[in-house]
Amino acid sequence: MSDQETTKIEIGDGAAIPSPEDRGLVSAWWIALLGTVSLLIILPLVKPDPYLRILKFVPDGILVTFKVTVFSILLAIVIGLLTGLGRISKNRLINMAASLYVEVVRGIPLLVQLFYIYFALGRIVRVPDIVAAIVAMAFCYGAYMGEVFRAGIKSIDFGQTEASLSLGFNQRQTMAYVILPQAWRTILPPVGNEFIALLKDTSLVSILAVSDILRRGREFAAESFNYFETYTMIALIYLLITLVLSKLISIMEHRLSHYERR
Amino acid sequence: MNAVDPIIKIEHVNKYFGTFKALDDVSLNVNTGEKVVVLGPSGSGKSTLLRSINRLETINSGTISINGRDINSPTEDINRVRMELGMVFQSFNLFRHKTVLENLTLAPIKLKKMPKKEAEKLGMSLLEKVDIPERANHYPIQLSGGQQQRVAIARALAMEPKIMLFDEPTSALDPEMINEVLDVMIALAREGMTMVVVTHEMGFAREVADHVVFMDQGAVVEKSTPEVFFNQPQHQRSKMFLEQIL
């Protein structure tokens, strides 16, 4: 009784985050990591031209990719929390606004949204390209994040809310002290997935004159005509980053679940 | 206000779930220090009545007053009223992300602005009272059902309520754990706490109740002392109910 199952939110997007119980995925993770690292070391050693030159040229872009990813996800989490709360709100106007936002964003391809927000924003204010890119990514991912937050909040047993209200907490305090701290655990894995998916999707901002990993690679390839070698290195760099991130998220998730263990 | 006024005053309350009439013109008074046990078959509205007292259910008509304050009045701050009403649920509902002690201290710290040290001292003394101090730093999931329910009682007491509401507190427990919870409730009754208890524990009703309220189909059928209710029930439906369960 009352030992409600911990709900897992499945979102079939982004890299798989290995759980320690999933043996197949864990060993696949190790093989992929070892393969990626060895290739990133061996290729430049064996054939410095062009691999070493690529490796020296691209890292500026890694920083930009990270910048776009981190700022976008933070903004998307804020938008997502507000959207998730809006979607469960009893206020019909707020609920409608949040639902409309989710529907619109989910119905338009990310690439189209990027162009749209980039040029729409450009008409109103002059902001650096990277800011426009971050706003556009956050606007899109905020809608998906909103659904994650909504599902996470709804996964918490209503008895928790009733217990909190009966002690004298109001709705807002109940959300802040009782529901969100518990929902966070359910929310973290899909947020981690979204983070990794977003990191990969930031490659789209290379079309907006933002010098991320892919953009730097394209610049290098266009000059040197080493297309195959360049995209090999780019793919390996993305893979290394997402592999490490998925592991970090898996560790964090494990840490957060301490109160679920007997 | 007058000291003999009932602390809980329920007058002509009606409540519908859709077209189903859950409460049918219910009136009931509970005086300070009184213990009222509500009995009745499932679906008789006894839990709904209890949950209406702290407005976890809203009523459609009638009035419910706590200490002379109409809890459904728009000008009344329901959260203030709820601080004076402790509630214990069938499924315990301990905060799963907090330790046992944190479950007890959360509301006093946040709502009464009690210093953390003082709240912890109060919390520990309440855990002594429900006989589970050694589990203070465990998480709810590490406790048995009986232990969780005793902690839930202590959590409600930490707000120093004037009234305690119990909604089938032993119904989710394994039989061997029922008594440890009932013992805590009996001790609380002896201290003079005002209590409204929805339960199927007839032994508890006999021993503790000042009045037994029997409900059926959303209405209060009979309100008697336990002696009268269990020995000479005044109503045909009470008689049938007792025959079925005894």
Side-chain angles (χ1 to χ4, degrees), chain A residues 1-9 81 84 88-92 148-149 151-191 252-262, chain B residues 50-51 53-57 77-100 102-112 137-145 148-149 151-152 155-161 164-165 167 171-174 177:
Chain A
M1 187 67 233
S2 98
D3 280 17
Q4 73 253 33
E5 293 293 315
T6 318
T7 315
K8 280 251 190 272
I9 304 166
L81 177 59
I88 55 171
S89 169
K90 290 194 187 91
N91 181 319
R92 294 185 72 163
V148 170
F149 272 92
I153 290 166
K154 289 196 106 170
S155 75
I156 304 304
D157 179 30
F158 193 62
Q160 297 282 310
T161 301
E162 291 198 329
S164 172
L165 293 178
S166 77
L167 285 167
F169 287 110
N170 63 30
Q171 293 280 356
R172 215 184 55 242
Q173 292 165 324
T174 297
M175 196 51 80
Y177 300 139
V178 178
I179 305 303
L180 284 179
Q182 294 185 63
W184 183 239
R185 207 191 91 74
T186 321
I187 288 168
L188 187 75
V191 167
M252 257 170 76
E253 189 193 330
H254 196 63
R255 288 260 165 90
L256 259 175
S257 68
H258 60 95
Y259 63 82
E260 295 290 349
R261 288 198 294 273
R262 281 170 194 273
Chain B
L50 191 79
R51 290 163 55 81
I53 295 176
N54 68 354
R55 219 172 89 182
L56 285 182
E57 303 286 354
D77 180 2
I78 185 63
N79 299 311
R80 294 232 146 263
V81 178
R82 282 174 177 159
M83 284 186 213
E84 297 178 4
L85 292 161
M87 176 124 180
V88 176
F89 299 86
Q90 181 177 352
S91 50
F92 332 134
N93 296 342
L94 290 179
F95 302 137
R96 294 160 62 87
H97 62 306
K98 300 272 182 201
T99 64
V100 164
E102 287 166 351
N103 262 277
L104 270 62
T105 58
L106 183 68
I109 291 173
K110 299 290 185 190
L111 293 173
K112 288 184 165 175
N137 296 315
H138 287 69
Y139 285 96
I141 200 165
Q142 299 169 312
L143 272 54
S144 73
Q148 288 194 48
Q149 193 61 299
V151 172
R155 176 178 66 181
L157 291 174
M159 287 299 283
E160 293 166 329
M164 285 287 284
L165 308 173
D167 189 5
S171 298
L173 295 176
D174 293 332
M177 294 173 183

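Below, chains carry the letters A, B, ... as their sequence lines are ordered, and counting in each starts from 1. Atoms considered below: every heavy atom in the structure, side chains included; atoms not considered: hydrogens, waters and symmetry mates.
- From B:M159, atom CE reaches atom OG of A:S166 across 10.0 Å, with rounding to the nearest 0.5 Å.
- Between B:R155 and A:A163, the shortest heavy-atom distance links the atoms NH2-CB, 3.4 Å.
- A:D157 CG to B:N93 CG: the interatomic distance, rounded to the nearest 0.5 Å, is 6.0 Å.
- There is no contact between B:I78 and chain A, counting heavy-atom distances below 4.5 Å.
- To the nearest 0.5 Å, atoms CD1 (A:I156) and NE2 (B:H97) are separated by 9.0 Å.
- Nearest heavy-atom pair, A:Q160 versus B:R96, reported as atom, atom and distance to 0.1 Å: OE1-N, 3.7 Å.
- In this structure, B:F95 and A:P181 have side chains that are not in contact, with every pair of non-hydrogen atoms separated by 4.5 Å or more.
- Residue B:M83 touches chain A through both its backbone and its side chain, counting heavy-atom pairs closer than 4.5 Å.
- Neither the backbone nor the side chain of A:T161 has a heavy atom closer than 4.5 Å to any heavy atom of chain B.
- Here OH of A:Y177 is found 9.5 Å from NZ of B:K98. Values are rounded to the nearest 0.5 Å.
- Atom-to-atom distance recorded for A:L167:CG and B:N79:CG is 11.0 Å, nearest 0.5 angstrom.
- Ranked by heavy-atom pairs under 4.5 Å with chain A, the first of B:R51, B:K110, B:M87, B:E84 is B:K110.
- With values rounded to the nearest 0.5 angstrom, B:R80 atom CZ is found 11.0 Å from A:N170 atom CG.
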